[in-house]
Amino acid sequence: MHPTLADDLHRLPGLLQSARDFAAREVSGLDERPVAHLDKAPAPEPLPAEGAGAEGALARFAERWAPGFSGSAGPRYLGFVTGGVTPASLTGDWLTSAYDQNVSGSGGSSASALERETLGWLRELFGLSETHSGAFVSGATVSTTVGLAIAREWLGERRGVSVSREGVGALGPVDVLSGSPHSSVAKALSVLGIGRDRLRPVPVLSGNREAVDVERLAAALDALDGRPAVVVANAGTVNTVDFDDLRAVAALKERYDFWLHVDAAFGGFAALSPSYASLVEGLDAADSVCVDLHKWLNVPYDAAVQFTRRQDLQVRVFHNASPYLGLPTGEPDFLHLTPENSRRLRALPAWFSLMAYGREGHREIVERNVALARRLGEWISQEVPQLRLLAPVRLNVVCFTLADEPSEERVHALAQAVAASGEAFLTPTFYAGTHALRAAFSNWRTSEADTDRVCDALRRHCGA
């Protein structure tokens with residue numbers, strides 16, 4: 001006889017214990033798990049007519065799917081900018097599912113108040129003032145989309161129209177200026193109807209820098225003849241973790257009319273360390289800010305935050321007018337602040353990690369990751385003539401390539417070989433006219449021993 005929902009509910013404590021034991025084995029084995037699996041995934045199977053019950057599903061998953069999952073939560077997954085999961089945030093994430101709160105509104109639950117407390121802690125962590133309000137979203141792309149949606153409404157306010165009511169056609173062409181924008185900015189502009197082609201590249205500083213040339217930005221703003229614009233500044237670029245001079249960019253607002261959005265997806269965490277906090281000085285002057293938490297805060301996917309000074313415009317864009325939901329109040333429910341109505345309690349894992357380890361614990365993660373990145377950079381520069389750095393290691397990303405013939409084919413082959421070894425995972429990129437690799441350190445588990453293993457894998461496969 002096949003198990004039923006009632007059977008599983010009756011056995012729930014045992015089921016959760018089985019899941020706990022399985023998860024504990026998987027997490028404790030992350031250090032030795034192959035970092036990437038390049039084998040072909042299992043072929044799809046038909047939907048079962050009769051269920052196997054939760055225990056049967058767990059057994060089938062463990063047999064068929066779990067072996068092919070990557071070790072992306074582990075210490076040698078250095079691709080993209082991928083954090084791990086702190087023990088406390090994992091605890092909070094499990095409880096998030098157990099409580100299954102929909103934090104669209106505050107009625108009947110303290111979950112929204114917990115999210116507001118967590119946002120206050122994060123605002124303090126990043127050095128933002130209380131003039132910034134925030135909300136949790138799924139990731140940096142949605143955070144940027146929300147920020148630029150508010151910017152779009154601000155542009156309408158400047159031109160005497162309401163985009164949220166009349167549509168983007170009432171706004172006319174929009175100018176969005178940035179030095180080294182992340183690809184998610186163009187995606188957001190497409191979603192918002194502004195258009196990818198309205199993103200105007202501004203020259204960056206010389207010397208293989210990715211930071212915007214503020215004088216050239218001023219010239220681009222001056223050429224608009226007083227038309228309001230949007231400026232996307234970068235606090236940590238993808239390839240080299242370069243930072244725009246946020247104070248200098250913000251100072252241009254004294255002469256020019258523009259909305260300042262800062263992409264601080266992972267670079268914003270520089271604020272946690274006295275050694276690197278100067279990189280994000282001026283962040284508080286931003287009109288909107290994007291920070292990704294499943295990167296350097298090391299909470300589970302998916303979690304990010306967006307902050308803005310203009311919550312009134314945010315409500316104008318995202319409010320959901322319905323009798324059963326209620327109108328926005330002085331402290332609007334979160335359903336009036338983001339594209340989502342239904343919202344998972346993403347704040348709880350972050351709350352757990354911040355409560356468990358505090359500012360100092362997360363500062364230690366940032367500083368250790370930076371030290372390890374610099375260690376890898378020094379190794380490449382001093383010990384392996386077959387490799388060369390393409391940029392200084394400014395924070396937590398090492399951008400490097402083959403010293404000879406760094407063609408796309410050879411560089412990608414190196415990345416593939418390292419991944420196939422199971423020892424590490426790096427992502428290819430293209431920087432300063434050269435095909436290259438990136439090693440991004442953002443996992444709380446990563447140690448010197450892990451970095452040594454990454455070095456050994458690179459040495460074996462680059463021909464050293």
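Residue numbers start at 1 and run along the sequence shown. Source: prediction; values computed, not measured.
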Check your understanding: With no hydrogens and no angle check, is any side-chain donor or acceptor of Arg343 less than 3.5 Å from a backbone partner on Val103?
Key -> yes

Exercise for review: Go through the steps for Val81 and Trp296 under the test side chain to side chain contact (heavy atoms under 4.5 Å, CB included), then give the verdict.
Suggested key: CA-CA 8 Å; Val81 184; Trp296 229 347; over 6 Å; no

Check your understanding: Does any N or O in the side chain of Ser447 come within less than 3.5 Å of the main-chain N or O of Asp450, such that one atom is a donor and the other an acceptor?
Key -> yes

**Study point:** Min side-chain heavy-atom separation Leu252-Phe258 under 4.5 Å
**Key:** yes

Check your understanding: Residues in side-chain contact (heavy atoms from CB on, under 4.5 Å) with Val238, at least two apart?
Key -> His182, Arg438

Practice item. Could you pull out the closest heavy-atom pair between Ala186 and Arg196, with the gap in Å? Key: O-CG, 3.4 Å

Review point. Does the side chain of Phe400 come within less than 4.5 Å of Leu437's, by heavy atoms?
Key: yes

Review point. Asp213 side chain to Pro203 main-chain N or O, any donor-acceptor pair under 3.5 Å?
Key: no

**Study point:** Pro75 side chain near Asp31 side chain, heavy-atom distance below 4.5 Å
**Key:** yes

Exercise for review: Quick one: closest heavy-atom pair of Glu405 and Arg410, and the distance?
Suggested key: O-NH1, 3.0 Å

Practice item. Check whether any side-chain heavy atom of Val146 lies under 4.5 Å from a side-chain heavy atom of Gln314, and answer yes or no. Key: yes

Point to revise | Flag, side chain of Thr144 to backbone of Ser184, donor-acceptor distance under 3.5 Å | key: no

Practice item. Could you give me the CA-CA distance, side-chain angles and deciding distance for Arg388 and Asp404, then say whether salt bridge (charged side-chain N to carboxylate O under 4.0 Å, His left out) is met? Key: CA-CA 9 Å; Arg388 65 182 174 94; Asp404 298 318; over 6 Å; no

Check your understanding: Can you find a heavy atom in the side chain of Val262 that is under 4.5 Å from one in the side chain of Leu246?
Key -> yes

Review point. Which heavy atom in Thr141 sits nearest to a heavy atom in Lys187, and how many Å separate them?
Key: CG2-CD, 4.0 Å

Exercise for review: Please check if the side chain of Ser89 supplies one atom and the backbone of Val85 the other of a donor-acceptor pair under 3.5 Å.
Suggested key: no

Review point. Nearest heavy-atom pair of Phe266 and Lys295: which atoms, and what distance?
Key: CB-CD, 3.8 Å

Practice item. Output the distance between atom CD (Gln416) and atom CZ (Phe425), rounded to the nearest 0.5 Å. Key: 9.0 Å

Point to revise | Heavy-atom closest pair, residues Asn234 and Ser178 | key: ND2-OG, 3.6 Å

Check your understanding: Roughly how far apart are Leu313 CG and Thr308 OG1, rounded to 0.5 Å?
Key -> 7.5 Å

Review point. Do Glu367 and Arg363 meet the salt-bridge criterion of a basic N to acidic O distance under 4.0 Å?
Key: yes

Exercise for review: Apply side chain to side chain donor-acceptor pair (under 3.5 Å) to Gln306 and Ser143, showing your working.
Suggested key: CA-CA 5 Å; Gln306 61 78 215; Ser143 179; 5.8 Å; no

Review point. Is there a donor-acceptor pair closer than 3.5 Å between any side-chain N or O of Asn102 and the backbone N or O of Ser104?
Key: yes

Exercise for review: Before giving the answer on side chain to side chain contact (heavy atoms under 4.5 Å, CB included), spell out for Val212 and Leu205 the whole-Å C-alpha distance, their side-chain angles and the decisive distance to 0.1 Å.
Suggested key: CA-CA 6 Å; Val212 72; Leu205 296 173; over 6 Å; no

Check your understanding: What do the steps show when you test Leu337 against Val315 for side chain to side chain contact (heavy atoms under 4.5 Å, CB included), and what is the final call?
Key -> CA-CA 6 Å; Leu337 300 178; Val315 170; 3.7 Å; yes

Exercise for review: With sequence neighbours left out, write down each residue that passes side-chain contact (heavy atoms from CB on, under 4.5 Å) with Glu408, or none if nothing qualifies.
Suggested key: His412, His435

Check your understanding: In terms of side-chain geometry, is the basic nitrogen of Asp287 or Lys253 positioned less than 4.0 Å from the acidic oxygen of its partner?
Key -> yes

Point to revise | Exam field: side chain Asn369 to backbone Asn396, donor-acceptor pair closer than 3.5 Å | key: no

Review point. If only atom types and distance count, is the side chain of Arg76 paired as donor or acceptor with the main-chain N or O of Thr451 below 3.5 Å?
Key: no

Review point. So how far is it from Leu297 CG to Ser442 OG, rounded to the nearest 0.5 Å?
Key: 11.5 Å

Practice item. Evaluate the side-chain proximity of Val411 to Leu402: yes if any heavy-atom separation is below 4.5 Å, no if none is. Key: yes

Review point. Could you walk me through whether Ser97 and Arg344 pass the side chain to side chain donor-acceptor pair (under 3.5 Å) check?
Key: CA-CA 8 Å; Ser97 294; Arg344 192 172 190 265; 3.0 Å; yes

Practice item. Taking atom CD of Glu383 as the centre, report whether more than 12 heavy atoms of other residues, nucleotides or ligands fall under 6.0 Å from it. Key: yes

Revision key, fill the gap. The residue among Arg459, Arg33, Arg453 that forms salt bridge (Lys or Arg N to Asp or Glu O under 4.0 Å) with Glu423 is Arg453

Check your understanding: Tell me, do Arg445 and Leu30 make a side-chain contact under 4.5 Å, heavy atoms counted?
Key -> yes

Practice item. Return yes if some donor-acceptor pair links the side-chain N/O of Thr91 with the main-chain N/O of Pro87 below 3.5 Å, else return no. Key: yes

Practice item. Run the salt-bridge test on Arg60 and Glu55 with the 4.0 Å N-O cut-off and return the result as yes or no. Key: no

Review point. Is a side-chain N or O of Thr401 found less than 3.5 angstrom from the main chain of Pro406, in a donor-acceptor match?
Key: no

Check your understanding: After noting the C-alpha distance and the side-chain angles of Glu340 and Arg346, does the key distance pass the salt bridge (charged side-chain N to carboxylate O under 4.0 Å, His left out) rule?
Key -> CA-CA 13 Å; Glu340 297 171 300; Arg346 298 185 181 101; 2.9 Å; yes

Review point. Under 4.0 Å between a Lys/Arg side-chain N and an Asp/Glu carboxylate O for Arg375 and Asp452?
Key: yes

**Study point:** Lys/Arg-Asp/Glu bridge criterion (N-O < 4.0 Å) met for Arg310, Glu153
**Key:** no

Point to revise | Parallel, tilted or perpendicular: ring planes of Phe61 versus Phe22, cut at 30 and 60 degrees | key: perpendicular

Practice item. State which residues pass side-chain hydrogen bond (donor to acceptor under 3.5 Å, both in side chains) with Ser275; sequence neighbours excluded, sorted by chain then number. Key: none

Point to revise | Set of residues satisfying side-chain contact (heavy atoms from CB on, under 4.5 Å) with respect to Tyr431, sequence neighbours excluded | key: Asn208, Glu210, Asn239, Thr240, Leu390, Ala391, Cys399

Exercise for review: Using a 4.5 Å cut-off on heavy atoms from C-beta on, say whether the side chain of Val384 contacts that of Leu458.
Suggested key: no

Review point. For residues 123-143, which residue pairs qualify under ring pair (Phe, Tyr, Trp, His ring centres under 6.0 Å), counting only residues two or more places apart or in two chains?
Key: Phe126-Phe269

Exercise for review: Applying side chain to side chain contact (heavy atoms under 4.5 Å, CB included), run through Ser288 and Phe307 and close with a yes or a no.
Suggested key: CA-CA 5 Å; Ser288 55; Phe307 293 99; over 6 Å; no

Compile the donor-acceptor pairs under 3.5 Å between side chains in residues 348-355 and protein atoms, sequence neighbours left out, one pair per line.
residue : atom : partner : partner atom : Å
Trp351  : NE1  : Glu117  : OE2          : 2.8
Ser353  : OG   : Thr86   : OG1          : 2.8
Ser353  : OG   : His362  : NE2          : 3.3

**Study point:** Residue pair Asp292, His294: steps toward the side chain to side chain donor-acceptor pair (under 3.5 Å) verdict
**Key:** CA-CA 6 Å; Asp292 218 341; His294 51 234; 2.9 Å; yes

Check your understanding: Shortest non-hydrogen contact from Val230 to Ala151?
Key -> CG2-CB, 4.0 Å

